[in-house]
A.B. asks: 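What follows is a single structure, and I will ask about it in a moment.
The structure displayed is predicted, hence computed values, not measured ones. Per chain, numbering begins at 1; letters A, B, ... match sequence-line order.
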Protein chains: 2
Amino acid sequence: MSNQDTRTRLLETALELIWQSNYNSVGVNEICKQAGVTKGGFYHHFESKASLFCEASEYYWNSVKRDLDTLLSPVNTPLEQLENLINFIFITKFGQDADDVPGCPFFSAGSQAGCGEEAVNESLLNMSKNGVKYNLALVRSLYAAGYLEGDVDAERVARLMNQYIQGAVSFARVNRCMETIKRDVPEGLYRILGLKREYWFKTAATWPPACEKAATA
Amino acid sequence: MSNQDTRTRLLETALELIWQSNYNSVGVNEICKQAGVTKGGFYHHFESKASLFCEASEYYWNSVKRDLDTLLSPVNTPLEQLENLINFIFITKFGQDADDVPGCPFFSAGSQAGCGEEAVNESLLNMSKNGVKYNLALVRSLYAAGYLEGDVDAERVARLMNQYIQGAVSFARVNRCMETIKRDVPEGLYRILGLKREYWFKTAATWPPACEKAATA
DNA sequence: TGACCTACATACCGACCGGTATGTATTATC
DNA sequence: GATAATACATACCGGTCGGTATGTAGGTCA
């Protein structure tokens, strides 16, 4: 197994475990055990638990970014982009039992705020800002195409979307129930966007492609 | 100092500390030190850290409930009730520095989900459900009075409000910035409710009373 | 006055935490 | 084939965690 493999396994294992609970309650030992790496190996690759988290954030964001670039690609109509984004929220990056609640560990990670480590908070903040940027582009597309009611302060609405999505995922975790928010999130976003009623629930998602959907099922 | 005083001080101290960070990273020792109680005292009153949290949840919810009953009282118009609720979100129960981010430790506590303790999660779930109940009543009042656009699935909208508020508080914590969400939350809730535009930002809050506001300033 | 109970205080426990020092097998370089 | 750097593995550290065992001061009641 190569150098990069071990690094990557540590990163992905950390993401998985932190996603399942949270930064504070996932220990270095647990990460190592799950990844099949010893502590020496861990600290060979990362100088601290916090720095692992920061690198994992970047690693994760790059993956999310690729997905977002695809599903918000201009080849899709703004409405399709919106539906794609909604579906994306429910896609868990890590294979889980059906009753596990997904949501990305970092979009939903305001959760972890106040963990004490400044660098960790910084990473979360960055992630949040990046997410809002994508929302902003989507809001502008939808507005330009005339799908939204009334005037729109695009920056604000982009933030509102981010805030709502975070809350929805958090809600799902507390309630340990995906079904509810699967029904709630579309309407929540429609309402926040002020999407004209005639466009509610009108578009089939183009993403993920059917093949990929089948593969993860 | 009486028996009940000590109990209460432990409960309130725990709430304050957990609110400032989170369940996992607040230790029993820290709570004891801050409350001026020894560990023997702590475990005389509570059988575990988790059970303290559960009792603190109840204690806190009772306080919130009293406030909500006041600010959502039928003596206020539905619009006033809404504005009161919005302001309530920004009221910190614990005196803090201006740059500290408020938000109640439990409304915003999906945050803490996955801490491992089942009883803790149960408490959070309960709190969330109770909060939704109040939202539900408000949604129905607003709808009955004709303030809302289109059709409304009241239960769903009540949940959406809960989800959004959670997310907004979480957003504020990650961004360590109150100002943004103070401007965002009203519009966020207006949009989720589908409040007709002509009623946006139109009502002065009746709560908290001016005297109380001055006292906490 | 002595037995008893409540409400703590003090001292301490094993487990586990993040992190480190040091040893070793493997690989690249010359 | 010698040298050196890489990529770990093992053993261990001090500190902190939630929790407990035991002591004790002060009030209650017979």
A.B. asks: C/dC8, OP1 or OP2 - any side-chain N/O from B/T6 closer than 4.0 Å?
C.D. replies: yes

A.B. asks: Below the 4.0 Å mark, does D/dG19 have OP1 or OP2 next to a side-chain nitrogen or oxygen of B/Y43?
C.D. replies: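 For B/Y43, the contact criterion (side-chain N or O under 4.0 Å from OP1 or OP2 of D/dG19) is met.
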
A.B. asks: Rounded to whole angstrom units, what separation is found between the CG atom of A/N29 and the C1' atom of C/dT20?
C.D. replies: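 Computing the A/N29:CG to C/dT20:C1' distance gives 13 Å.
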
A.B. asks: Rounded off to whole Å, could you give me the CD-to-C1' distance for the A/E47 and C/dG19 pair?
C.D. replies: 12 Å

A.B. asks: Does A/K49 count as lying over the ring of A/Y23, i.e. NZ or CZ under 6.0 Å from the six-ring centre, within 45 degrees of the axis?
C.D. replies: yes

A.B. asks: Report the nucleotide, chosen from D/dG19, C/dG18, C/dC8, that has the shortest atom-to-atom distance to any side-chain atom of B/S48.
C.D. replies: D/dG19

A.B. asks: Between D/dA7 and A/H45, is there an OP1 or OP2 to side-chain N/O distance shorter than 4.0 Å?
C.D. replies: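 For A/H45, the contact criterion (side-chain N or O under 4.0 Å from OP1 or OP2 of D/dA7) is not met.
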
A.B. asks: Rounding to a whole Å, what distance do you find between A/F46:CZ and C/dG18:P?
C.D. replies: 15 Å

A.B. asks: Does the Lys NZ or Arg CZ of A/K65 fall within the cation-pi geometry relative to A/Y134 - under 6.0 Å from the ring centre and within 45° of the axis?
C.D. replies: no

A.B. asks: Between atom NZ in A/K39 and atom P in C/dG23, what is the gap in whole Å?
C.D. replies: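 So the two atoms are 19 Å apart, to the nearest Å.
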
A.B. asks: Classify the nucleic acid contact of A/G40 as base, sugar-phosphate or nothing, counting any heavy atom under 4.0 Å across all strands shown.
C.D. replies: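 Result for A/G40 = base.
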
A.B. asks: Could you give the CD1-to-C1' distance, from A/I31 to C/dC17, as a whole number of Å?
C.D. replies: 12 Å

A.B. asks: Taking only residues two or more places apart in sequence or in another chain, which ones pass side chain to side chain contact (heavy atoms under 4.5 Å, CB included) with B/N62?
C.D. replies: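 If we apply the side chain to side chain contact (heavy atoms under 4.5 Å, CB included) test to B/N62, skipping adjacent residues, the hits are B/R66.
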
A.B. asks: Using whole Å, what does the distance between atom P of nucleotide D/dT6 and atom NE2 of A/H44 come to?
C.D. replies: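 Atom NE2 in A/H44 sits about 8 Å away from atom P in D/dT6.
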
A.B. asks: Give the rounded distance in Å between these two atoms: CD1 of B/I18 and P of D/dG18.
C.D. replies: 10 Å

A.B. asks: In whole Å, I'd like the distance from the CG atom of A/L10 to the C1' atom of D/dC8.
C.D. replies: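 Going from A/L10 (CG) to D/dC8 (C1'), I get 11 Å.
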
A.B. asks: Whether the A/N22 and A/S25 side chains hold a donor-acceptor pair (N or O, under 3.5 Å, no angle test) is what I'd like checked.
C.D. replies: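 Judged by distance alone, the side chains do pair up.
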
